[in-house]
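Dropping a structure here in structure tokens format, bear with me for questions.
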Amino acid sequence: MRNYVTECAGLAVRTFIPQEPETAPPVLLVHGFASDGRADWEETGLVAALTGEGRTVIVPDLPGHGDSPAPGDPAEAGAAAIATRLATAVGDREYDVVGYSLGSRLAWELPGRVRQAVLGGLSPFEPFAPVDVEALRLAVTTGADPADPLTAMIAGLVRSSGERAAGLVTCVEGLRATPFEPGAWPGERPPVFVAGRDDPMTTGVERVAGLTAGAELVTVPGDHRGALAGAEFRDTVLRALRRAGDDR
């Protein structure tokens, strides 16, 4: 496997090419909030598993995450704006997409050309909607603990990101302004949803899955982070993408 890093649409993008590439479309991997492509996809083994099957893998870091620069203002961090940049990173070709948590929510906004989607750790509601952005910003700049428990939890995540914290607050503000309102999946093939058995973030995701005829919901062991790192999640992704190729 060989890989290279590029900058595309303001995102740091790592592309992994197997020794013997298949003719199948590339796979776009979209990580979660306060994480990055390395932690969610390389360290969990999914990149290696996919390239082992001959798939070219595209791993961007979201704005304000990993090696990508922070968004200049909240408008750059809205879901549709980020999704447009992700699609640009793939280029004008068909592709499969695997998202986790925020990555799954962003996958919903991707314009055309998606063949198969696997959406892991998806919250059926907008988790940032109740966040007090001003209290979150104060928590980052002054260390003050927000009174609201949800905002305090997000503040803990953001502050653990060190110098990336201010950019993550801007991301929260932009995403909060464009809340997730799921309807039927916009792609041609129904998606595969994956939820951790002990993950409270995905409570009610069966309602979202039920909005699209033929969508599959797979439950795997683990909480929000444990499900992503588990072998069952990787196996579900591989199985779904193989099936998409077989159905062509």
For Asp40 and Val59, what are the C-alpha separation, side-chain angles and deciding distance, and is it a side chain to side chain contact (heavy atoms under 4.5 Å, CB included)? CA-CA 10 Å; Asp40 278 12; Val59 184; over 6 Å; no

Nearest 0.5 Å please: distance from the CG atom of Leu168 over to the CD atom of Glu163.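 Spacing of CG (Leu168) from CD (Glu163) equals 11.0 Å.
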
Distance from Leu228 atom CG to Glu43 atom CD, nearest 0.5 Å?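 So the gap between those two atoms works out to 10.5 Å.
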
Do the side chains of Arg55 and Pro25 get nearer than 4.5 Å, heavy atoms only?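 They are in contact (side-chain heavy atoms under 4.5 Å apart), so the answer is yes.
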
Are Val220 and Trp41 connected in a single hydrophobic cluster, I mean Ile/Leu/Val/Met/Phe/Trp/Tyr linked by side-chain heavy atoms less than 4.5 Å apart?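 As far as the 4.5 Å side-chain criterion goes, Val220 and Trp41 are connected within one cluster.
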
Would you give the length of the straight line joining atom OH of Tyr100 to atom CG of Leu119, rounded to the nearest 0.5 angstrom?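 Output value for this atom pair is 12.0 Å.
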
Between Arg137 and Glu134, does at least one N-O distance fall below 4.0 Å, as a salt bridge requires?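 A salt bridge links Arg137 with Glu134.
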
With the side chain counted from C-beta on, respond yes when Pro124 and Pro182 share a heavy-atom pair under 4.5 Å apart, and no when they do not.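 No, side chains not in contact.
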
Asp96 side-chain N/O to Gln116 backbone N/O, donor-acceptor pair under 3.5 Å: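 At least one qualifying donor-acceptor pair exists.
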
Please determine whether residues Leu86 and Val57 belong to a single hydrophobic cluster, defined as Ile, Leu, Val, Met, Phe, Trp and Tyr linked transitively by side-chain heavy-atom distances below 4.5 Å.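 No, because Leu86 and Val57 fall into different hydrophobic clusters, even though each may have its own neighbours under 4.5 Å.
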
Measure across Pro63 and Arg85 and return the closest heavy-atom pair with its distance rounded to 0.1 Å.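 For Pro63 and Arg85, the tightest heavy-atom pair comes out as CG-NH1, 3.6 Å.
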
Mind checking whether Leu102 and Leu28 sit in one hydrophobic cluster, side chains of I, L, V, M, F, W, Y counted as touching below 4.5 Å?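 Yes, same cluster.
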
Spell out, as yes or no, whether a donor-acceptor pair under 3.5 Å connects the side chain of Thr178 to the backbone of Ala79.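 A pair under 3.5 Å: yes.
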
With a 3.5 Å distance limit and no angle check, can you tell me whether Asp235 reaches the backbone of Leu238 through a side-chain donor-acceptor pair?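 Such a contact is absent between Asp235 side chain and Leu238 backbone.
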
Quick check: does any side chain N or O of Thr151 sit under 3.5 Å from a backbone N or O of Asp132, one acting as donor and the other as acceptor?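 Yes.
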
Would you say the side-chain atoms of His224 pair up with the backbone N or O of Gly196, donor to acceptor, closer than 3.5 Å?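 Side chain of His224 to backbone of Gly196, a donor-acceptor pair under 3.5 Å: no, none is there.
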
Are the side chain of Arg176 and the backbone N or O of Val133 linked by a donor-acceptor pair below 3.5 Å?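 Side chain of Arg176 to backbone of Val133: no pair is present.
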
If only atom types and distance count, is the side chain of Thr212 paired as donor or acceptor with the main-chain N or O of Pro190 below 3.5 Å?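 Not at all, since once roles are kept as given, no pair shorter than 3.5 Å links the two residues.
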
Pairwise distance CD(Glu188) to CZ(Arg115) - rounded to 0.5 angstrom: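 It is 12.0 Å, given to the nearest 0.5 Å.
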
Do Pro146 and Leu136 come close enough that some side-chain heavy atom pair is under 4.5 Å?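 Side chain of Pro146 against side chain of Leu136, heavy atoms only: no contact under 4.5 Å found.
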
Whether the side chain of Thr142 engages the backbone of Ala144 through a donor-acceptor N/O pair (distance < 3.5 Å, no angle test) should be reported.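 Side chain of Thr142 to backbone of Ala144: a pair is present.
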
Side-chain ion pair, Glu232 and Arg197, N-O less than 4.0 Å: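 No, Glu232 and Arg197 are not salt-bridged.
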
Connected via hydrophobic side-chain network under 4.5 Å: Phe33 and Leu29: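 No.
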
One pair to check against side chain to side chain contact (heavy atoms under 4.5 Å, CB included): Asp73 and Glu76. What are the steps and the verdict? CA-CA 6 Å; Asp73 58 62; Glu76 293 181 14; 3.8 Å; yes

Minimum heavy-atom distance Arg243-Val192, with the two atoms named: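 Closest approach of Arg243 to Val192, heavy atoms only: NH2-CG2, 3.6 Å.
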
Any donor-acceptor pair under 3.5 Å linking the side chain of Arg234 with the backbone of Thr44?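 The answer is yes, because a donor-acceptor pair under 3.5 Å joins these two groups.
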
Donor-acceptor pair, distance only, cut-off 3.5 Å: does the side chain of Ser104 make one with the backbone of Gly99?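 Indeed, once roles are kept as given, a pair shorter than 3.5 Å links the two residues.
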
Joint cluster assignment, Val98 & Leu62, ILVMFWY side-chain distance < 4.5 Å: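 No.
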
Evaluate the side-chain proximity of Tyr95 to Ile58: yes if any heavy-atom separation is below 4.5 Å, no if none is.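 Ile58 vs Tyr95: side chains apart.
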
How close do Ala215 and Phe193 get, heavy atom to heavy atom, and via which atoms?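 So the two residues come closest at CB-CE1, 3.9 Å.
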
Looking only at heavy atoms, what is the nearest atom pair of Leu211 and Gly183, with distance?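 It is CD1-O, 3.6 Å.
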
4.5 Å side-chain heavy-atom contact, Leu241 and Leu50: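 When only atoms from C-beta onward are counted, Leu50 and Leu241 do touch, with a gap below 4.5 Å.
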
Give the C-alpha distance, both sets of side-chain angles, the deciding distance and a yes or no for side chain to side chain contact (heavy atoms under 4.5 Å, CB included) between Leu11 and Ile82. CA-CA 10 Å; Leu11 303 178; Ile82 297 175; 5.7 Å; no

Derivation and outcome, side chain to side chain contact (heavy atoms under 4.5 Å, CB included), residues Val114 and Arg189: CA-CA 9 Å; Val114 172; Arg189 295 181 59 88; over 6 Å; no

So does Asp67 pair up with Arg164, basic N to acidic O under 4.0 Å?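 Answer for the salt bridge query: no.
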
Nearest non-hydrogen partners of Asp61 and Gly66, listed with the distance: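 Looks like OD2-CA, 3.6 Å.
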
What I want to find out is whether Arg159 reaches Asp145 closely enough, with some N-O distance under 4.0 Å, to be called a salt bridge.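 So Arg159 pairs with Asp145 through a salt bridge.
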
Is any side-chain heavy atom of Thr56 less than 4.5 Å from a side-chain heavy atom of Pro18?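 Yes, at least one pair of side-chain atoms sits under 4.5 Å.
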
Could you tell me which non-hydrogen atom of Ser123 sits nearest to which non-hydrogen atom of Phe125, and how far apart they are?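 Heavy-atom minimum between the residues: OG-O, 2.9 Å.
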
Would you call Asp199 and Arg225 a side-chain contact if the rule is heavy atoms closer than 4.5 Å?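 No, every pair of side-chain atoms sits at 4.5 Å or beyond.
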
